[in-house]
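Data first, discussion second: the structure below is written as structure tokens.
Numbers restart at 1 for each chain; the letters A, B, ... are given by sequence-line order, proteins then strands. What's counted below: heavy atoms across the whole structure, side chains too, no hydrogens, waters or symmetry copies.
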Amino acid sequence: MYAVPMASGDLLRIGELSRRTGVKPDLLRAWERRYGLLEPQRTSGGFRLYPHRDVGRVEAMQGHLARGLSAAEAARLAKQSEPAPVASSITALVDDFRSALDAYDEPAAQALLDRMLASFTLETVLGEGVLPYLHELGERWGRGEASIAQEHFASSVIRGRLLGLARGWGSGSGPLAVLACPPGEEHDLGLLALGVLLRARGWRVAYLGPDTPMETLADAAQRMGTDFVVLSALSEARLEAVEDEIVSLAQNTRVALGGAGATSSLADRTGAELLSGSPVEEAERLAGAPR
Amino acid sequence: MYAVPMASGDLLRIGELSRRTGVKPDLLRAWERRYGLLEPQRTSGGFRLYPHRDVGRVEAMQGHLARGLSAAEAARLAKQSEPAPVASSITALVDDFRSALDAYDEPAAQALLDRMLASFTLETVLGEGVLPYLHELGERWGRGEASIAQEHFASSVIRGRLLGLARGWGSGSGPLAVLACPPGEEHDLGLLALGVLLRARGWRVAYLGPDTPMETLADAAQRMGTDFVVLSALSEARLEAVEDEIVSLAQNTRVALGGAGATSSLADRTGAELLSGSPVEEAERLAGAPR
Amino acid sequence: MYAVPMASGDLLRIGELSRRTGVKPDLLRAWERRYGLLEPQRTSGGFRLYPHRDVGRVEAMQGHLARGLSAAEAARLAKQSEPAPVASSITALVDDFRSALDAYDEPAAQALLDRMLASFTLETVLGEGVLPYLHELGERWGRGEASIAQEHFASSVIRGRLLGLARGWGSGSGPLAVLACPPGEEHDLGLLALGVLLRARGWRVAYLGPDTPMETLADAAQRMGTDFVVLSALSEARLEAVEDEIVSLAQNTRVALGGAGATSSLADRTGAELLSGSPVEEAERLAGAPR
DNA sequence: ATAGGTTTTGTCAAGCTTTTGTACAT
DNA sequence: ATGTACAAAAGCTTGACAAAACCTAT
């Protein structure tokens with residue numbers, strides 16, 4: 001039964017496991033008895049000895065309970081979800097991705113995107129891979145270390161990929177978001193990422209893209225019967241230039257302002273919401289996802 | 001794919017049909033009784049259930065009434081003017097495609113693109129479907145018949161699809177073309193189509209897209225060791241503004257000018273080639289396609 | 001729709017489903033009783049257990065209700081509608097693809113191919129989706145776990161798609177490859193995949209397909225002035241049967257042997273090259289991919 | 001357009017069972 | 001440490017009910 005010599009070291013007794021997880025010993029035993037959550041070794045005297053990894057398992061159990069799952073389900077999941085597959089870290093892939101784009105090597109960049117998407121969630125790929133890369137590229141350009149050609153080349157590759165992920169994003173029955181940049185604003189990749197992320201959470205998306213006149217936006221929103229309009233700009237001036245139109249739009253529709261150009265004072269003045277976080281954060285918040 | 005022409009679809013009860021058409025339930029029942037305008041199914045309990053298409057029929061009825069016809073006549077016309085059900089030629093598909101985009105119906109537009117691409121060659125789909133549609137949309141906008149929102153929405157759908165077809169277009173060993181629009185020029189879909197068509201003929205493509213500064217273009221072309229640069233603009237002024245740079249670029253590299261803004265005199269003055277035909281024609285010519 | 005197997009996944013009790021959708025438990029039960037909207041499993045004690053996907057179904061129901069449909073209609077649509085096409089990883093898509101083909105669900109399989117191709121590169125879709133599936137299907141058939149009908153069904157779906165991707169692959173100016181299977185060999189999907197991948201790298205391809213007499217092949221190669229002939233077979237015997245013809249063909253042209261039936265000793269004896277890797281690897285190698 | 005009857009659908013209650021955290025006796 | 005007990009929370013089924021929506025007929 002005990003079998004296994006158990007090479008390793010750290011074994012916890014039930015009191016210590018309880019202290020580390022905040023779960024009472026009685027309950028730990030109940031979980032073991034009822035759901036087989038843990039399978040501790042025993043001392044010759046019968047005391048339970050838990051391997052250190054069981055701390056994680058108990059915490060997973062708590063997490064699932066907190067999300068509202070039944071105890072039986074929570075235990076089942078906590079037992080099965082041991083290994084985090086841990087592909088090579090995303091930062092390594094992003095480094096390669098940067099190199100490929102810097103060298104105008106489109107096929108390599110595409111292959112790296114494939115690998116990122118295969119190993120990580122969409123949120124991670126965008127939030128820790130693609131978007132930071134774009135941000136950094138913009139800064140490098142500001143410092144004269146990257147050419148506009150490089151930025152355009154990279155943008156085109158990424159835009160193609162995002163639009164590919166977006167195909168069909170107008171279908172379904174979720175809430176509808178209309179996405180656009182104000183007149184003069186051409187940087188739309190962050191907004192595009194937001195759209196894809198909202199889609200991943202079940203929303204419908206209608207994408208109008210860069211440099212969209214406000215009259216036409218209001219009209220389109222009305223004709224689609226939308227629930228929600230997002231305006232995004234890197235430059236605050238671009239948003240301020242249409243402040244009045246935002247005010248009137250916000251009277252009929254829920255409006256949110258995003259991108260570096262969206263400030264809280266502007267949001268206050270116009271009656272719009274402010275999306276101050278990254279697309280990943282804001283998509284999560286908007287979709288009310290507990291995650 | 002998303003498929004299916006949607007045999008059935010949603011069935012509306014009389015209240016909802018009334019809400020969508022603005023015609024009171026009593027009147028809808030009267031039109032049914034008196035003129036047989038509609039022939040709804042019934043629930044087991046006797047409630048009327050209208051197929052979605054009846055919305056259109058009621059709207060047609062309203063239109064005829066507004067033009068002064070008698071109710072009997074209006075109903076007769078509304079009943080007979082059902083749209084042709086089957087679309088098989090590319091023009092029919094393009095008609096549907098236009099309708100879908102006009103209605104901001106992205107999934108339907110995607111499904112139609114699927115059908116076009118499944119039934120016709122890329123050259124046909126672009127040359128007789130997508131590009132003429134874009135051209136027409138531009139003209140409708142010029143006449144105030146289409147909004148910019150519609151143009152942006154359609155552009156985004158089409159751009160996503162073209163970039164999808166373009167994925168991996170940098171790989172292989174064919175001749176390399178660098179594609180860009182001059183500074184200030186934002187209309188790049190024709191150029192994108194050219195790139196996809198060149199790719200279909202075995203070329204490699206590096207795409208820099210709209211609003212590309214000339215210095216950076218020259219630099220990128222050199223670093224990639226390109227054989228060929230294409231500059232495209234709808235506005236002649238945008239090309240003339242960089243005439244000198246084109247001249248110097250053309251001394252080291254083969255350069256072609258395309259789009260409505262490319263004129264033979266400009267080509268003559270700069271030493272560049274002129275792409276006077278459509279992307280389909282020019283791709284065929286450039287790739288020396290035997291047909 | 002795709003749904004199906006899905007052994008695991010987290011299961012929600014009615015309270016949690018209610019919390020996530022905002023629909024009261026009573027109403028969820030009523031929808032189940034009256035319209036069969038959901039079909040939850042039960043615990044041994046009789047509690048309902050909903051798969052996670054039911055959240056989407058309930059949300060679809062809510063969406064349709066909000067649009068004014070009757071509850072009965074809303075439920076009907078919510079039941080039939082696809083789960084929201086959420087961008088997900090290639091492995092998830094491949095799993096669904098496998099399930100769809102196993103269930104003889106051709107539209108679902110096509111839709112999944114669409115989504116894979118929209119979101120990933122051709123190399124990834126073939127190399128990690130379609131080809132492994134075919135391989136596995138062959139093995140299952142060998143163990144008697146899959147029927148011939150299943151294999152035929154899957155083959156025809158995939159062949160149709162590959163041929164669609166292949167359209168126009170003879171045009172352009174890249175190197176020309178002639179692809180064929182030797183007499184008696186009917187398994188050509190791997191070869192077809194190789195052709196599509198070579199095409200994606202700019203080659204021209206002439207595809208003669210399964211069961212091609214060697215005289216025909218030699219004649220075609222000569223008349224097209226080809227650079228390269230690929231012969232592929234799963235069975236080594238099929239290639240050995242035409243060993244002499246391969247020898248003479250290889251004296252005039254570059255010849256490569258692929259498929260499980262191609263062995264290095266045969267390649268040595270005939271003077272042909274050996275393609276020992278997967279179609280993806282070999283296409284990359286042959287086309288001298290930059291990588 | 002009104003009147004009077006029917007169907008549909010969300011909500012609630014009563015009475016009973018299962019699940020699960022905690023307590024306690026051995 | 002084990003096993004049992006217990007009570008709160010959450011669920012189940014059946015049945016009923018009323019507001020909203022719809023019907024026909026006048």
Looking at [N], I'd like to know if its phosphate oxygens (OP1 or OP2) sit under 4.0 Å from a side-chain N or O belonging to [X].
X	N	answer
Y35(A)	dT20(D)	yes
T43(B)	dT8(D)	yes
W31(C)	dT9(D)	no

Spacing between [X] atom [atom1] and [N] atom [atom2], to the nearest angstrom:
X	N	atom1	atom2	answer
E32(C)	dG10(D)	CD	C1'	16 Å
L69(A)	dG11(E)	CG	P	12 Å
L27(C)	dT11(D)	CG	P	6 Å
M61(C)	dT8(D)	CE	C1'	12 Å
E73(A)	dG11(E)	CD	C1'	16 Å
Q62(C)	dT9(D)	CD	P	16 Å
Q41(C)	dG11(E)	CD	C1'	16 Å

Start at the 5' end of DNA chain D and walk down; is the nucleotide closest to A30(C) or to S44(B) reached first?
S44(B)
Selected nucleotide, minimal atom distance to S70(A) side chain, candidates dT9(D), dT11(D), dT20(D):
dT20(D)
Could you label the plane-to-plane angle of the W203(A) and F228(A) rings as parallel, tilted or perpendicular, counting under 30° as parallel and over 60° as perpendicular?
perpendicular
With distance as the sole criterion, is a donor-acceptor pair present between the side chains of R57(B) and T21(B) under 3.5 Å?
no
Scanning both residues in full, the closest heavy-atom pair of A109(B) with L101(B) reads CB-CD2, 3.6 Å
Taking all non-hydrogen atoms of both residues into account, name the closest pair between A74(B) and M61(B) and its distance.
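Distance-wise, the nearest heavy atoms are C-SD, 3.8 Å.
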Any donor-acceptor pair under 3.5 Å linking the side chain of T270(A) with the backbone of A267(A)?
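Answer holds: yes.
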Under 3.5 Å, is there a donor-acceptor pair between the side chain of E282(A) and the main chain of G277(A)?
yes
Does the distance from a Lys or Arg side-chain N to an Asp or Glu carboxylate O, for R29(C) and E32(C), drop under 4.0 Å?
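The answer is no: the pair does not qualify as a salt bridge.
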For each nucleotide in nucleotides 14-26 of chain E, reading 5' to 3', give B when a protein heavy atom comes within less than 4.0 Å of its base, S when such contact involves only the sugar-phosphate, and - otherwise.
-------SSSB--
